**Q** 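One structure, as structure tokens, below. Some questions next.
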Amino acid sequence: MTPHRPTQSPYYITTPIYYVNDRPHIGHCYTTLIADVAARAQRLIGRDVFFLTGTDEHAEKVVTTATEKGHTPMEWATINAERFKDAFAFMNFSNDDFVRTTEDRHKAKAAEYIQRLVDSGDIELGDYEGWWDGSQEEYVTETVAKEHDHKSPVTGKPLEKRVEQNYFFRLDKHESWLKQQIESDAIRVLPEARKNEILGRIRQGLNRVPVSRKINEGDPDWGVVMPNDPGHRVYVWIEALCNYLTITDTEQRRKYWDAPVHLMAKDIVWFHAVIWPAMLRALGERPPAVVYAHAYWIAEGQKMSKSLGNFIEIDHLRAYADAFSLDAVRWFLTTQGPLGANDADFAHARFIEVYNADLANSIGNSASRVGNMIAKYFGGVVPGVCNGEFGFPDGSSLQTARLALENAGKPVADPSRTFAFEPLCRQAVSAAVDAIERIDLEAANQHALSIVRYVDDFISYCAPFTLAKQLDTLDDGAHALRSILYSCAEALRIASLLLHPTMPEKTAELWRNWNCDHLTDPDDADSPFVAPLSELAAWGGEHAIKKDQSISKGDVLFMRADPNAQAPRGETVA
Ligand code: ME8
């Protein structure tokens with residue numbers, strides 16, 4: 001099979017790079033999962049995707065924790081970077097690269113960018129006095145410090161008064177440009193609530209921001225030294241932001257810098273929506289197209305914190321994956337997560353409710369009902385082609401199904417009802433693509449689910465099992481049954497394409513059972529698909545379910561969960 005060549009513009013999506021002072025938890029997995037689902041969805045649409053994640057290693061707190069644990073900063077950074085990589089492999093993320101900021105490829109380029117900003121006068125030397133939040137590696141403003149009783153607004157730890165001679169980035173020069181870019185959505189700050197918040201803050205006025213720190217005697221050799229002044233080190237935030245560009249600043253990857261999409265949680269939206277675009281402008285680079293800042297996961301109704309010890313750890317997610325499958329975990333996090341402005345709660349009861357409603361009773365149940373009926377009535381072989389003959393609208397088949405119900409003395413729900421699968425699927429695909437562009441992945445999945453629910457509704461309405469008992473007596477009985485089951489299978493194939501970005505393993509399992517290998521190409525490194533979604537999802541098109549295609553029942557994709565069973569728990573090793 002010839003791999004399809006993406007013709008649409010490249011798509012670059014990033015996650016924050018995570019601190020390596022500690023191991024990963026659900027929050028880190030969540031942002032990276034959203035990026036993964038968006039990346040997979042864009043590959044499915046046909047775009048040439050680059051998806052970057054990684055670790056931010058030069059923070060002071062990495063040095064502090066490493067010392068506490070009896071490691072060098074590099075050893076400790078490596079231990080935790082590996083934990084992030086393991087967690088992301090377990091979550092089945094499809095990132096194209098993983099950056100560690102201690103790598104030369106990042107450090108060298110970051111220093112180069114800083115030098116360029118010094119040369120252009122965008123970075124200058126000056127005095128700085130401020131409140132340092134050591135737990136967050138950032139200065140907070142006088143107003144914020146006062147409001148929080150001189151404690152960190154995030155962790156509650158005491159703030160420290162620091163006076164330093166620093167290098168400063170002239171953020172003030174970009175105030176009106178930033179306002180205009182964000183107001184006009186040239187830089188789209190999403191969700192809307194975050195955009196308003198950022199604009200409100202910009203309107204209060206922008207000051208210069210410190211970008212370096214004096215190196216004192218005895219300081220560990222950790223971080224990037226100011227390229228123009230060996231007595232200063234680049235402030236970790238400024239260096240970290242550069243990762244998005246350092247890793248794509250190569251001949252092969254330059255094309256991805258067309259319209260980057262940065263994902264993160266609301267805690268760090270200021271850096272991404274204000275400081276970073278201004279730095280890029282000063283460097284003569286394009287600003288990001290989208291800065292998407294979701295809200296937080298909380299656990300069983302409570303904010304997650306170190307002091308409460310209630311972080312949802314990776315082992316906890318692993319225990320859920322063991323019990324319900326990894327894709328069920330991905331589904332729950334993607335569809336129930338804090339993608340909008342409100343926090344989301346990871347509660348066991350809710351997990352089971354969603355699992356049973358969406359997966360066991362909808363997707364899993366439909367797939368096995370259709371597979372079972374094709375096995376039972378047609379020996380597991382698709383009984384017709386989709387050339388319109390077997391695809392609805394086919395009023396006569398529906399009429400025959402109603403007749404079978406009447407013959408069996410069963411009620412017909414609504415005798416005037418019609419079903420139109422082709423437009424239903426076409427609209428669901430088109431709405432899902434729009435939702436993917438907005439990174440509204442919950443909506444994209446709901447559009448996929450709407451096809452599955454339509455199939456369920458259709459099966460309940462026309463009761464193929466009743467019809468199947470009357471094939472000898474009804475003239476068009478066999479034709480009607482073929483038509484009905486073909487429509488169900490083809491609709492589920494289209495739904496499964498839309499479900500694939502969130503549930504890559506379960507959809508691949510369905511495609512194996514249903515012999516849909518004509519959809520994918522295992523040899524294409526860029527995309528697993530042989531054609532863009534618009535072609536793959538065409539009802540009855542080149543990639544449709546084919547006549548004589550064998551469909552084996554396979555295992556049930558999602559077994560029903562017992563709501564009263566104990567919640568799985570992971571054993572987290574400190
Ligand atoms: O801020 N719910 O790293 P970090 C959802 N190194 N997402 C959460 C979360 C929660 N409860 N907790 C954390 C840093 N996250 C810097 C970033 S980027 C140039 C430098 C996720 O390890 C979310 O994406 O503190 C948040 O923005 C990120 O982890 C913070 O990760």
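Model, not experiment: these values are computed from the prediction. Numbering of ligands and ligand atoms starts at 1, following listing order.
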**Q** Going by salt bridge (Lys or Arg N to Asp or Glu O under 4.0 Å), Asp122 matches just one of Lys173, Arg170, Arg208, Arg116. Which one?
**A** Lys173
**Q** Output yes when Glu137 and Lys61 qualify as a salt bridge under the 4.0 Å nitrogen-oxygen rule, no when they do not.
**A** no
**Q** Tell me which protein heavy atom sits closest to atom 10 (C) of ligand 1, plus the residue, atom name and distance to 0.1 Å.
**A** Tyr296 CD2, 3.5 Å
**Q** Taking non-hydrogen atoms only, is Phe271 closer than 4.0 angstrom to ligand 1 via side chain, backbone, both or neither?
**A** neither
**Q** Looking at ligand 1, would His25 count as a contact under a 4.0 Å heavy-atom criterion?
**A** yes
**Q** Can you list the atoms of ligand 1 that are under 4.0 Å from a heavy atom of Met304?
**A** 11 (N)
**Q** So for ligand 1, is Ala265 a polar contact partner (N or O within less than 3.5 Å, distance only)?
**A** yes
**Q** Pick out which of Arg253, Arg43, Arg40 makes a salt bridge (Lys or Arg N to Asp or Glu O under 4.0 Å) with Asp96.
**A** Arg43
**Q** Between Tyr139 and Tyr128, how do the two ring planes meet: parallel, tilted or perpendicular, split at 30° and 60°?
**A** perpendicular
**Q** Under 4.0 angstrom from ligand 1, any heavy atom of Trp276?
**A** no
**Q** State the atoms of ligand 1, each with its element, that fall below the 4.0 Å cut-off from a heavy-atom position in Asp56.
**A** 6 (N), 16 (C), 20 (C)
**Q** Atoms of ligand 1 less than 4.0 Å from His294 heavy atoms?
**A** 5 (C), 7 (N)
**Q** Looking only at protein heavy atoms, which one is nearest to atom 17 (C) of ligand 1, and how far off is it?
**A** Ile17 O, 3.2 Å
**Q** Hey, looking at atom 21 (C) of ligand 1, which of Ala293, Gly27, Pro16 has the closest heavy atom?
**A** Gly27
**Q** Can you list the residues that meet the salt bridge (Lys or Arg N to Asp or Glu O under 4.0 Å) rule with Glu300, with sequence neighbours excluded?
**A** none
**Q** Considering only the protein, which heavy-atom contact is closest to atom 4 (P) of ligand 1, and what is its distance?
**A** Tyr19 CD1, 3.8 Å
**Q** Tell me the protein heavy atom at minimum distance from atom 24 (O) of ligand 1, and give that distance in Å.
**A** Thr31 OG1, 2.6 Å
**Q** Show me the side-chain donor-acceptor pairs of residues 270-281 shorter than 3.5 Å, one per line, residues at least two apart or across chains.
**A**
| residue | atom | partner | partner atom | Å |
| --- | --- | --- | --- | --- |
| His272 | ND1 | Ile268 | O | 2.9 |
| His272 | NE2 | Tyr244 | OH | 2.7 |
| Trp276 | NE1 | His262 | NE2 | 3.1 |
| Arg281 | NH1 | His174 | ND1 | 3.0 |

**Q** For Asp267, counting its heavy atoms only, list the atoms of ligand 1 lying under 4.0 Å from any of them.
**A** 26 (C), 27 (O), 30 (C)
**Q** Hey, would you say the His316 and Phe311 ring centroids sit under 6.0 Å apart?
**A** no
**Q** Give me the nearest non-hydrogen protein atom to atom 11 (N) of ligand 1 as residue plus atom name, then the distance to 0.1 Å.
**A** Trp297 O, 3.2 Å
**Q** Examine Phe351 together with Tyr320 and report whether their ring centres are nearer than 6.0 Å.
**A** yes
**Q** Thinking salt bridges, do Arg47 and Glu437 make one under a 4.0 Å N-O criterion?
**A** yes
**Q** Considering only protein heavy atoms, which is closest to atom 19 (C) of ligand 1, and at what distance to one decimal place?
**A** Tyr244 OH, 3.5 Å
**Q** Would you mind listing which atoms of ligand 1 come within a distance below 4.0 Å of any non-hydrogen atom of Ala240?
**A** 19 (C)
**Q** Show the atoms of ligand 1 that are less than 4.0 angstrom away from any heavy atom in Ile268.
**A** 1 (O), 17 (C), 27 (O)
**Q** How close does the nearest protein non-hydrogen atom get to atom 28 (C) of ligand 1, and which residue and atom is it?
**A** Tyr18 CE2, 3.9 Å
**Q** Is the ring centre of Tyr256 less than 6.0 Å from the ring centre of Tyr11?
**A** no
**Q** So that I know where these two stand, are Phe346 and Phe332 an aromatic pair - ring centroids less than 6.0 Å apart?
**A** yes
